[in-house]
Amino acid sequence: MSRRVLLLEPNYKNKYPPLNLMKLSQYFRKSCGDDVRFFKGNLKKFAAQLLLEEFFSSTKKRKTAELFGAYFEDLINFIMKGKSFYLDAVPKLRGTDFENFLADLHLQFKRGDYPKFEIICVNSLFTFYWKQTIDTINFAKKFLAKGGQIYVGGIAATLVPKEMQADIGDSVKIHIGLLDKPGDLDKNDAVIIDTLPPDYSILEEIDYKYPARNSLFGYTTRGCIRHCDFCAVSTLEPQYKNYVDIKAQLQEIENLFGKKQNLLLMDNNVLASESFSQIVEDIKICGFGKNATYIESDEYDLAINNLRKCFNDRAYIKKIIRLYEELEKKLPEVDAGQFHSARAENFLLNFISATKEKIFEFDTIARPLFQKYFKHGKKFRYIDFNQGLDARLLTKENKGEEKIAKLAELNIRPLRIAFDHYKQCGIYEDAIRLAAKFGIRNMSNYVLYNFHDTPEEFYLRLRLNIDLCEELNVAIYSFPMKYHPIREPKYFRNRDYLGEHWNKKFIRAIQAVLNSTKGKIGRGRSFFEKAFGKNLDEFNDLLWMPEAMIIYRKKHEKLAAQWLKDFHALKDFEVAEAKKIIAQNKFSDAEISQAESENVRQFIKYYQITRND
Ligand code: SF4
């Protein structure tokens with residue numbers, strides 16, 4: 001019998017769609033024939049929306065849905081808050097039976113009597129999203145049917161299961177590790193969930209847009225041969241798996257969900273694979289060889305086809321409504337008006353009143369317009385080993401030249417190489433030179449900081465990339481990654497950890513610069529030197545500089561020059577006293593008054609300056 005399944009991702013901002021929930025969706029929908037629903041967002045609003053949708057889903061309420069569906073935001077607000085002015089915004093509602101039903105739905109909402117699901121799966125990501133994750137799991141209990149089960153899996157659940165269990169209670173089952181064994185969820189079921197193609201349709205069900213949604217995702221290996229102290233891979237994927245054949249899975253994804261522009265491979269250490277050459281050949285077969293291009297799929301056609309196949313109607317009705325809206329924006333004004341009126345006549349202005357049948361009837365009007373106004377040109381597509389490559393496996397002894405030559409057969413962009421420690425400079429630099437020699441021009445690297453490194457080593461690693469860009473005429477983007485201990489009870493729930501050579505002010509200074517560069521540092525020397533300083537001395541000044549002067553450089557230029565003069569004029573004992581206070585990155589009057597020297601007290605007042613001063 002079909003079960004009602006709810007897949008939830010906590011409402012943090014993340015770049016990549018939740019692959020494990022997408023595979024679970026495929027498992028429940030295709031293998032078990034269950035009714036699957038995905039949500040990420042405000043859970044209270046979701047509960048109100050479910051109540052309204054369930055009310056409308058009865059065929060007897062069809063007329064009501066057609067009349068009032070366009071006002072579903074007001075209706076949902078009323079169900080949540082019970083304020084009558086939300087209903088005033090809905091024409092012809094007052095005095096109808098529906099008004100009374102809405103009052104009942106509001107009471108039902110207030111009682112916490114939400115629609116129920118037999119299975120609820122919640123994904124967890126980084127441990128520093130602890131509060132959002134725990135709150136989501138605990139809230140999910142309100143959606144659980146009697147006799148049902150909530151499962152939690154993913155990274156945080158695998159890393160600290162005991163601590164999580166303590167915060168969510170014993171009724172919730174924690175799944176540790178991958179879903180790579182038969183019977184992982186349903187005993188006696190032979191399907192290995194991890195091998196299923198992810199169900200991209202669930203991404204159409206929510207309003208949140210994952211930045212990397214137009215990509216294929218996969219793994220050609222699992223795990224890693226190393227056990228770096230700062231890394232969670234040895235816990236998450238303890239066995240190194242040398243080869244995963246991605247060809248059939250990627251083909252199935254494209255058949256079901258259309259062509260995707262890029263291929264993001266989440267391998268932790270692909271260069272360690274004995275099947276590396278085979279993996280590159282597979283990627284070429286999948287359409288990502290040198291100079292690879294693709295033609296975008298027709299999203300409208302795809303959505304209609306999936307609706308005809310009854311594959312996730314909820315998602316594709318929403319998708320069609322969104323596509324109509326996009327089309328309307330492209331149409332000349334008069335045509336847009338006519339198109340809108342035609343949609344209104346067919347109750348196709350919103351997903352509440354829209355039906356598949358009406359969408360199919362409307363196809364004769366919509367399809368020619370989509371064909372005329374949505375062009376599907378040829379575009380380049382790229383493959384990205386997103387977790388980075390291990391430069392230690394690109395040395396001469398490890399046949400680095402052979403491996404880079406193989407990688408150069410792909411449309412790889414960027415080539416990411418990990419640059420975790422300053423002492424790896426030589427190996428890292430050799431790997432970049434090798435890549436440049438084989439014509440790979442777009443590169444990137446992860447720069448771990450706040451671990452055992454010093455701020456100076458952090459600066460020198462970034463500067464090395466600037467130097468290499470100029471010398472080799474390549475583009476190297478650096479992505480600084482702040483270290484967080486993943487298991488230490490004191491720190492895993494937050495982002496407060498400070499490495500032995502770092503303090504709160506230094507971390508804020510780096511983050512202030514990175515905020516303006518969207519977290520990455522590009523190739524321009526002049527930009528880099530403005531952002532981080534021309535040399536170590538200037539970088540050191542930047543670390544101690546008041547935050548407002550770092551963020552609002554231009555505005556506070558003169559003030560910053562005065563601050564610098566005063567900073568350098570402090571006597572040694574004053575510098576020591578001032579740094580002790582500044583390192584805490586708290587600048588209230590109480591904090592300032594701790595300084596013994598009047599000179600230091602005056603100097604610290606620079607740190608109370610805000611954007612508007
Ligand atoms: S090489 Fe990379 S993936 Fe492997 S353990 Fe070290 S940091 Fe993790």
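Every number for a ligand or one of its atoms is a count from 1 in the order of the listing.
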Keeping to distances under 2.8 Å, can you name the protein N/O/S atoms close to atom 6 (Fe) of ligand 1?
C228 SG
List for me each residue that meets side chain to side chain donor-acceptor pair (under 3.5 Å) alongside D167, sequence neighbours excluded, and say none if there are none.
W130
So, N386 versus Y16: side-chain donor-acceptor pair below 3.5 Å or not?
yes
Can you name the one residue among N465, N473, L468, V474 that meets side chain to side chain contact (heavy atoms under 4.5 Å, CB included) with R523?
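Going through the options one by one, the only one that passes is N473.
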Only one of N20, N123, I206, V122 passes side chain to side chain contact (heavy atoms under 4.5 Å, CB included) with E9, and that residue is N123
Whether F458 and F539 hold their rings parallel, tilted or perpendicular, with breakpoints at 30° and 60°
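Rings of F458 and F539: tilted, as their planes differ by 30° to 60°.
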Ring geometry between Y200 and F257 (parallel below 30°, tilted from 30 to 60°, perpendicular above 60°):
tilted
Heavy-atom distances under 4.0 Å are what count here, so tell me which part of R392 touches ligand 1: side chain, backbone, both or neither.
side chain
